[in-house]
Amino acid sequence: MSEVLATAEFSSVIHNNEVCDEIVKWGNANGYPLTKAKLYNSLGGAYVGFAPGYMIKAVRRPPIPGGWDVTVETYDAETRIIPLNVNKETGEANRFILKMIEEYKKEGLTMEMAETWYESYGTYLRDLKVTGHPILINAFEDFIENMR
């Protein structure tokens, strides 16, 4: 179950292309640090920044009174093991995948790569333990699937 930790309002002068930066600034200034926020259509078109244990969500209000309703909510984190394709000799993942892991960490996922790799049906794999909001994990998992 989620719980609302804090609420705020943003002015109507903040436009769609500026709200992500405002979410990060507000979160950092009010004890809810974030690195990144972006639009999530799967959350009703809300702009959201995730951190381990909470998310900051901004939803546009109707034209009158205008502005944004901002909430800081807890969420139930999920953990999944995602196998990554790796090099047979070195056990290293593709550089592009490693860059995307760093990007998803900025978006709020916690990731831990296993030390050892293994062979499964002729493919060499290394397990990545991913913890965070299910929407973020699904997006990351879809990215990995598309890289295979």
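Counting from 1, the numbers follow the sequence of the chain as shown.
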- Message: Taking V13's backbone N and O only, do any of them form a donor-acceptor pair with S11's side chain (distance below 3.5 Å, no angle check)?
- Response: yes
- Nearest heavy-atom contact between A46 and K57 is CB-CG, 3.5 Å
- Beyond-backbone contact of L5 with T74, side-chain heavy atoms, under 4.5 angstrom: yes
- Message: Among residues at least two apart in sequence or on other chains, which ones pass salt bridge (charged side-chain N to carboxylate O under 4.0 Å, His left out) with K129?
- Response: none
- Message: Looking at every non-hydrogen atom in both residues, tell me the closest pair between A51 and Y75 and how far apart they are.
- Response: O-OH, 2.8 Å
- Message: side-chain contact (heavy atoms from CB on, under 4.5 Å), that's the test. Do N16 and R60 meet it? Break it down for me.
- Response: CA-CA 9 Å; N16 289 357; R60 183 171 285 289; 2.9 Å; yes
- Query: Taking side chain as C-beta onward, heavy atoms only, is I97 less than 4.5 Å from I144?
  - Reply: yes
- Query: How many angstroms lie between atom NZ of K38 and atom NZ of K106, to the nearest 0.5 angstrom?
  - Reply: 12.0 Å
- What is the minimum heavy-atom distance between L34 and V24, and which atoms define it? O-CG1, 3.6 Å
- Item | Stepwise side-chain contact (heavy atoms from CB on, under 4.5 Å) check, L43 with I135 | CA-CA 9 Å; L43 290 172; I135 288 174; 3.5 Å; yes
- Query: Taking the six-membered ring for Trp, are F10 and W26 parallel (under 30°), tilted (30 to 60°) or perpendicular (over 60°)?
  - Reply: perpendicular
- Query: Below 4.5 Å, heavy atoms only, C-beta onward: do P33 and Y54 meet side chain to side chain?
  - Reply: yes
- Message: Hydrophobic cluster membership, with links at side-chain heavy-atom distances under 4.5 Å among I/L/V/M/F/W/Y: are Y118 and V86 in one?
- Response: no
- Query: So, are E107 and K105 salt-bridged, with charged N and O less than 4.0 Å apart?
  - Reply: no
- Item | Option passing side-chain hydrogen bond (donor to acceptor under 3.5 Å, both in side chains) with N138 (candidates E78, R80, H133) | R80
- What heavy-atom pair brings L98 and A93 nearest, and what distance separates the two atoms? CD1-O, 3.7 Å
- Is there side-chain contact between Y47 and I23, with heavy atoms separated by less than 4.5 Å? yes
- Query: Is D127 reaching over with its side chain to a backbone N or O of M113, donor-acceptor style, under 3.5 angstrom?
  - Reply: no
- Query: How far does OH of Y40 sit from CG of L136, to the nearest 0.5 angstrom?
  - Reply: 4.0 Å
- Query: Is there a chain of hydrophobic side chains (I, L, V, M, F, W, Y, each step under 4.5 Å between heavy atoms) that links V48 to V59?
  - Reply: no
- Message: For a quick check under 3.5 Å, do T131 and T79 share a side-chain donor-acceptor pair by atom type?
- Response: yes
- Message: Taking E92 first and then R126, would you say they form a salt bridge - that is, a charged N and a carboxylate O separated by under 4.0 Å?
- Response: no
- Task: Could you walk me through whether L109 and I137 pass side-chain contact (heavy atoms from CB on, under 4.5 Å), step by step?
- Result: CA-CA 7 Å; L109 289 178; I137 295 174; 3.6 Å; yes
- Query: Could you state the interatomic distance from CD1 (I14) to SG (C20), rounded to the nearest 0.5 Å?
  - Reply: 11.5 Å
- Task: Start with the C-alpha distance between W117 and L125, add both sets of side-chain angles, then the distance that settles side-chain contact (heavy atoms from CB on, under 4.5 Å), and finish with yes or no.
- Result: CA-CA 5 Å; W117 59 97; L125 303 168; over 6 Å; no
- Task: Report the distance from atom CG of N41 to atom CG of L39, rounding to the nearest 0.5 Å.
- Result: 4.5 Å
- Task: For the residue pair T110 and V130, establish whether any side-chain heavy-atom pair is separated by less than 4.5 Å.
- Result: no
- Note on the structure: Between S12 and G67 the two heavy atoms that sit nearest each other are CB-N, 3.4 Å
- Item | Beyond-backbone contact of F143 with I101, side-chain heavy atoms, under 4.5 angstrom | no
- So with a 6.0 Å cut-off around CD of E119, is the heavy-atom count from everything else above 12? yes
- Query: Between E102 and K99, is a salt bridge (charged side-chain N to carboxylate O under 4.0 Å, His left out) present by the stated rule, with each step listed?
  - Reply: CA-CA 5 Å; E102 291 307 311; K99 282 184 180 181; over 6 Å; no
- Starting at OH of Y124, measure out to NZ of K88 and round the result to the nearest 0.5 Å. 4.5 Å
- Message: I'd like to know if the side chain of W68 and the backbone of V19 have a donor-acceptor N/O pair within less than 3.5 Å.
- Response: no
- Item | Residue pair G27 / I56: nearest heavy atoms and the distance that separates them | CA-CD1, 3.7 Å
- Query: Is there a path of hydrophobic side-chain contacts, each under 4.5 Å between heavy atoms of I, L, V, M, F, W or Y residues, that connects V4 with Y32?
  - Reply: no
- Query: Less than 4.0 Å between a side-chain N and a carboxylate O, is that true for E103 and K36?
  - Reply: yes
- Item | Approximate separation, where rounding is to 0.5 Å, of M111 CE and L128 CG | 6.0 Å
